[in-house]
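All chains are named by letter (A, B, ...) in the order of the sequence lines, taking the proteins before the strands, and each is independently numbered beginning at 1.
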Amino acid sequence: MDNKETFQKIYDHLFNLYGPQGWWPLLEVNGCNPTKTGSINGYHPNNYEYPKTKNQCFEVCIGAILTQNTSWPSVEKSLKNLRKLIEITPENIINLDIEQLKEAIKPSGYYNQKSVRLKGFSEFFIKLNHVPTREELLKLNGVGPETADSMLLYAFKVPSFVVDAYTKRILINLNLIDGSEKYDKIKELFEENVEKNLEIYQEYHALIVEHAKNYYRKKENYITCPLLKIIK
DNA sequence: TTCCAGGCAATAC
DNA sequence: GTATTGCATGGA
């Protein structure tokens, strides 16, 4: 089985298991039928129009920074705390008192770093008059490869594949990589073998995260991953 | 109590 | 160039 076939089988299997994931979650989505995935919590399965506004685009970016090494429910709390103080716009983040900002985002952890980075990103976002390139994003303090790709894929709708710790863990378990590969190499592996399509890239990463939550938290569960039987 | 969560940057070797 | 460490809260 060649790589393209393998990556297609993985995608099909995960999609059949979990369905459309409705990423990236937003504080407010309208007209989405609640599903198992939970559009009531801001997910919007089968709707790829989001983010619909510049402020929603910004909200996704802010969430991408906040969710670094942190679970989404904690980020959601932070965003709701922020929303109580201000409408979430770059101007308002810049003008918000740093101590108030820290207090609001405390649930997501690393609040001393993240507060400064949010303000820095807001300055960048205000000056944007085009879709940012990956290189531009990577220059920003607090924006590494995963965050940059998440912003491109889910905020700016650019088909840039997102790799995270789960992705690497799964590929190692499936014996598709040996573990020495760096971020860009793994990203390349997906982009060479998966159809370059925004919706597919968005779903693929979200499905990997969902699947990994089920099978890749504890090492003893790795061997029970159903994908092992699929790609033989 | 311990471990980990949708990483990143600085420092050490 | 690769490996390690600090950052921090909250939930399992």
Side-chain angles (χ1 to χ4, degrees), chain A residues 10 14 18 20-27 37-38 41-45 50-51 59-82 98-121 124 134-156 160-173 177-187 190 201-222:
Chain A
I10 293 171
L14 294 179
Y18 307 115
Q21 294 300 296
W23 275 37
W24 186 281
L26 289 157
L27 285 176
T37 315
N41 293 321
Y43 294 89
H44 42 88
Y50 292 101
E59 183 188 317
V60 172
C61 294
I62 291 309
I65 291 173
L66 289 175
T67 200
Q68 290 165 2
N69 210 33
T70 306
S71 65
W72 185 258
S74 295
V75 176
E76 195 176 358
K77 279 183 196 165
S78 296
L79 290 174
K80 284 179 176 170
N81 287 343
L82 261 182
I98 187 79
E99 294 305 323
Q100 278 189 288
L101 178 55
K102 286 181 184 178
E103 192 60 30
I105 66 171
K106 218 165 197 173
S108 323
Y110 306 146
Y111 54 87
N112 287 306
Q113 295 180 339
K114 285 177 178 175
S115 56
V116 173
R117 293 169 181 180
L118 289 183
K119 281 182 175 282
F121 181 81
F124 168 80
R134 190 167 191 266
E135 291 66 35
E136 287 174 318
L137 292 171
L138 287 174
K139 284 180 193 163
L140 302 173
N141 179 24
V143 178
E146 182 184 342
T147 304
D149 289 329
S150 294
M151 289 178 180
L152 288 170
L153 184 60
Y154 295 107
F156 296 102
S160 187
F161 205 93
V162 178
V163 174
D164 69 340
Y166 284 145
T167 311
K168 189 170 181 179
R169 218 175 283 176
I170 292 176
L171 291 192
I172 292 173
N173 194 43
I177 59 173
D178 65 34
S180 65
E181 297 83 356
K182 289 195 288 190
Y183 185 99
D184 287 355
K185 185 72 184 172
I186 299 172
K187 172 184 175 66
F190 276 94
Y201 276 23
Q202 288 187 340
E203 292 292 0
Y204 211 145
H205 172 65
L207 287 165
I208 282 174
V209 172
E210 179 59 27
H211 183 66
K213 283 177 181 169
N214 294 327
Y215 293 95
Y216 288 85
R217 297 220 175 194
K218 294 182 179 178
K219 193 154 191 175
E220 56 263 35
N221 295 334
Y222 289 11

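The side chain of Pro107(A) lies closest to dG10(C) when the candidates are dC7(C), dG10(C), dC8(B). Checked against dC8(B), dA9(B), dG11(C), the side chain of Lys77(A) finds its nearest nucleotide in dG11(C). Taking every side-chain heavy atom of Ser71(A) into account, dA5(B) is the closest of dA9(B), dG10(C), dA5(B). Listed nucleotides: dA5(B), dG7(B), dG11(C). Nearest to the side chain of Arg169(A): dA5(B). For Gln113(A), counting side-chain heavy atoms from C-beta on, the closest listed nucleotide (dA5(B), dG10(C), dC7(C)) is dC7(C). Checked against dG7(B), dT2(C), dG10(C), the side chain of Lys182(A) finds its nearest nucleotide in dT2(C).
Note: CE (Met151(A)) to P (dC8(B)) measures 9 Å, nearest angstrom. Look at CG on Asn69(A): it is 11 Å from P on dC4(B), rounded to the nearest Å. Protein atom CZ of Arg217(A) is 13 Å distant from nucleotide atom P of dG11(C), rounded to whole Å. Distance, Tyr110(A) OH to dA10(B) C1': 14 Å, rounded to whole Å. When the P atom of dA10(B) is taken as reference, atom CG of Asn141(A) falls 7 Å away, rounded to whole Å. Between the OH atom of Tyr111(A) and the C1' atom of dG6(C) there is a distance of 14 Å, given to the nearest Å. Note: NZ (Lys218(A)) to C1' (dA5(B)) measures 14 Å, nearest angstrom. In this structure, the CD1 atom of Ile105(A) is 11 Å from the C1' atom of dT9(C), given to the nearest Å.
dG11(C) and dC8(B) are spaced 24 Å apart, taking the P atom of each and rounding to whole Å. dT11(B) and dA8(C) are spaced 15 Å apart, taking the P atom of each and rounding to whole Å.
Within 4.0 Å (heavy atoms only), Val75(A) reaches no atom of the nucleic acid at all. Within 4.0 Å (heavy atoms only), Glu146(A) reaches sugar-phosphate atoms of the nucleic acid but no base atom. Leu66(A) comes within 4.0 angstrom of no nucleic acid atom, judged by non-hydrogen atoms across all strands.
Of the candidates Tyr154(A), Trp23(A), Tyr50(A), His44(A) forms a ring-ring contact (aromatic ring centres under 6.0 Å, His included) with just one, namely Tyr50(A). A side chain to side chain contact (heavy atoms under 4.5 Å, CB included) with Glu210(A) is found for exactly one of Leu207(A), Asn214(A), Ile208(A), namely Asn214(A).
At the phosphate of dC8(B), OP1 or OP2 sits under 4.0 Å from a side-chain N or O atom of Thr147(A).
Place Lys139(A) and Pro73(A) on DNA chain B by their nearest nucleotides, and Pro73(A) ends up nearer the 5' end.
Between the side chains of Asn81(A) and Ser78(A), not a single donor N or O lies within less than 3.5 Å of an accepting N or O. Side-chain contact of Thr167(A) with Lys187(A): a donor-acceptor pair under 3.5 Å is absent, judged by distance alone.
The minimum heavy-atom distance linking Tyr222(A) with Asn173(A) is given by the pair O-ND2, 3.0 Å. Nearest heavy-atom pair, Gln68(A) versus Gly142(A), reported as atom, atom and distance to 0.1 Å: NE2-O, 2.8 Å.
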